[in-house]
Amino acid sequence: MNYQYTKQFRQALVQWFLEEQRDLPWRRTKEPYQIWVSEVMLQQTRVDTVIPYYNRFIEKYPTAESLAYSPEEELLKMWEGLGYYSRVRNLQAGVREVVEVYGGKVPDNRVDISKLKGVGPYTAGAILSIAYGKPEHAVDGNVMRVLSRVLNIDADIALPKTKKIFEQAVTELIDHENASSFNQGLMELGALICTPTSPKCLLCPVRDYCTAFHEGDPSSLPVKSKKLKTKNIEYDVYIIRDQQGRFLMEKRPQAGLLANMWQFIMIERQADENSLTKVEKQYNVTLEHNSKETILSFSHVFSHLKWHIDSYLVDAVETNANPENTAYFTKEQIANLPMPVPMLKIWGKINA
DNA sequence: GACGCGTGGGC
DNA sequence: TGCCCAAGCGT
């Protein structure tokens, strides 16, 4: 793209963004901390999904100081249903560092901000450009899709090295006077016009500068490889109710899938094995086998695996010392525990 | 560089 | 239904 085209492209993109952008909660602030929260929530997550979470989160934690030392379980509850739960733990670690090392002020340069937990190349550029107006690249999936079409680039965007091509392109194209609107404009264009399927080229404000529109095929870009089959796991889930009407729950390990979230007792189903007996041994409880009642059978798809769950309600006749990370809770207590969506589904059925 | 890490929506 | 995806990051 020559210099004249570059200038016109910038101007058309920024003007379109200023006129057509959606009114989103995080666009009503320039507080770096609040922009940061929104960017973390938006990682791999749709705008419509994020909006209510963002509003609740900012109301409860309006400043870096208010978030820095809140209990993790409370944070996880605020994040419940959003997914990728390590995001909120990393966010708090980063925010705490800002409070302790930077006096509560989010760094305004890429080197320092990139040291913060959970702040990668994209989030760094997004905060720097949106909150501070710095001409820094912020390349996400939208930007790679839009620019792969505008510049007719067919490099495989599933390969990490391909992102460098787009970071370089943005560095050359970005409007130094309107870095925030330029970066957000690329993403907004990707969300509203230059969509993955059926791009609305006839409505596109930068169609005149789009190489793929004139010389190629926008809908065939970007090129993206990869796609592995997910693993299937079958579980029996037992909602164990003691004689006081409390329910046995277990806290998941502090690392890995759904780290530190709470669940009902979950046993991987094995062929020719009585899982009820296994539960009694493992959790030091005597169950009334006749009371076993089927609650719900369903599948839950994760990004990399699939759970097939059969769930049951069963009464405990006798309970003894609980294993580590397990406890009996009342319904009121359970309402305050962070649980993954499949457990919420089961719990909702129990209370229906 | 490959893989682990959630969820809900669109087609 | 099954697959794709959506404002990525840590290990």
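So that the names make sense, note that chain A is the first sequence line, chain B the second, and so on, each numbered from 1.
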TODO: Taking the side chain as every heavy atom from C-beta outward, state whether A:L276 and A:Y312 have any atom pair closer than 4.5 Å.
DONE: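 In short, these two side chains do not touch, never coming nearer than 4.5 Å.
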
Open item on the list: Contact between A:I267 and A:K278 at the side-chain level, heavy atoms closer than 4.5 Å - yes or no?
Closed with: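 Side chain of A:I267 against side chain of A:K278, heavy atoms only: contact under 4.5 Å found.
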
Task: Any A:H304 side-chain N or O less than 4.0 Å from OP1/OP2 of B:dC3 - done: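 Checking A:H304 against B:dC3: no side-chain N or O falls below 4.0 Å of OP1 or OP2.
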
Open item on the list: Strictly below 4.0 Å: does A:R87 bring a side-chain N or O up to OP1 or OP2 of B:dG6?
Closed with: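 So the side chain of A:R87 is outside the cut-off, no N or O lying under 4.0 Å from OP1 or OP2 of B:dG6.
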
TODO: Would you mind classifying the nucleic acid contact of A:G81 as base, sugar-phosphate or nothing, using non-hydrogen atoms under 4.0 angstrom?
DONE: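 Sugar-phosphate only.
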
Just the rounded figure in Å: distance from [atom2] of [N] to [atom1] of [X].
| X | N | atom1 | atom2 | result |
| --- | --- | --- | --- | --- |
| A:R46 | B:dG10 | CZ | P | 7 Å |
| A:L305 | B:dG6 | CG | P | 9 Å |
| A:F302 | B:dC5 | CZ | P | 10 Å |
| A:L257 | B:dC3 | CG | C1' | 14 Å |
| A:D48 | C:dA6 | CG | C1' | 11 Å |
| A:L82 | B:dC5 | CG | P | 18 Å |

Task: Whether A:W79 side chain and A:G83 backbone form a donor-acceptor pair below 3.5 Å - done: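 Checked: pair present.
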
Can you confirm whether the side chains of [X] and [Y] place a donor and an acceptor under 3.5 Å from each other?
| X | Y | result |
| --- | --- | --- |
| A:Q244 | A:Y328 | no |
| A:T286 | A:E280 | no |
| A:N109 | A:K134 | no |

Task: From C:dG8, B:dG9, B:dG6, nucleotide with atom closest to A:Y85 side chain - done: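 In terms of side-chain proximity for A:Y85, the closest of C:dG8, B:dG9, B:dG6 is B:dG6.
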
Looking only at atom [atom1], what distance separates [N] and [M], rounded to whole Å?
| N | M | atom1 | result |
| --- | --- | --- | --- |
| B:dG1 | C:dC9 | C1' | 14 Å |
| C:dC4 | B:dG6 | C1' | 15 Å |
| B:dC5 | C:dC5 | C1' | 16 Å |

Which atom pairs link the protein and nucleotides 2-4 of chain C when you take only N or O atoms and keep those under 3.5 Å?
{"from": "C:dC4", "atom 1": "OP2", "to": "A:K227", "atom 2": "NZ", "distance (Å)": "2.4"}

- [ ] Using a strict 4.0 Å threshold on nitrogen-to-oxygen distance, state whether A:D23 and A:R28 make a salt bridge.
- [x]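 Looking at A:D23 and A:R28, the cut-off is met.
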
Which atom pairs, one a donor and one an acceptor, fall under 3.5 Å between side chains of residues 315-325 of chain A and the rest of the protein, sequence neighbours left out?
{"from": "A:D315", "atom 1": "OD1", "to": "A:R241", "atom 2": "NE", "distance (Å)": "2.8"}
{"from": "A:D315", "atom 1": "OD1", "to": "A:R241", "atom 2": "NH2", "distance (Å)": "3.2"}

Under 3.5 Å between N/O atoms: give me all the protein pairs with nucleotides 9-11 of chain C, atom names plus distance.
{"from": "C:dC9", "atom 1": "OP1", "to": "A:G120", "atom 2": "N", "distance (Å)": "3.0"}
{"from": "C:dC9", "atom 1": "OP1", "to": "A:G120", "atom 2": "O", "distance (Å)": "3.4"}
{"from": "C:dC9", "atom 1": "OP1", "to": "A:T123", "atom 2": "N", "distance (Å)": "2.9"}
{"from": "C:dC9", "atom 1": "OP1", "to": "A:T123", "atom 2": "OG1", "distance (Å)": "2.7"}
{"from": "C:dC9", "atom 1": "OP2", "to": "A:Y122", "atom 2": "N", "distance (Å)": "3.4"}
{"from": "C:dG10", "atom 1": "OP1", "to": "A:G118", "atom 2": "N", "distance (Å)": "2.3"}

- [ ] Map A:L159 and A:L258 onto DNA chain B by nearest heavy atom, then report which one ends up closer to the 5' terminus.
- [x]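 Final value for this comparison: A:L159.
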
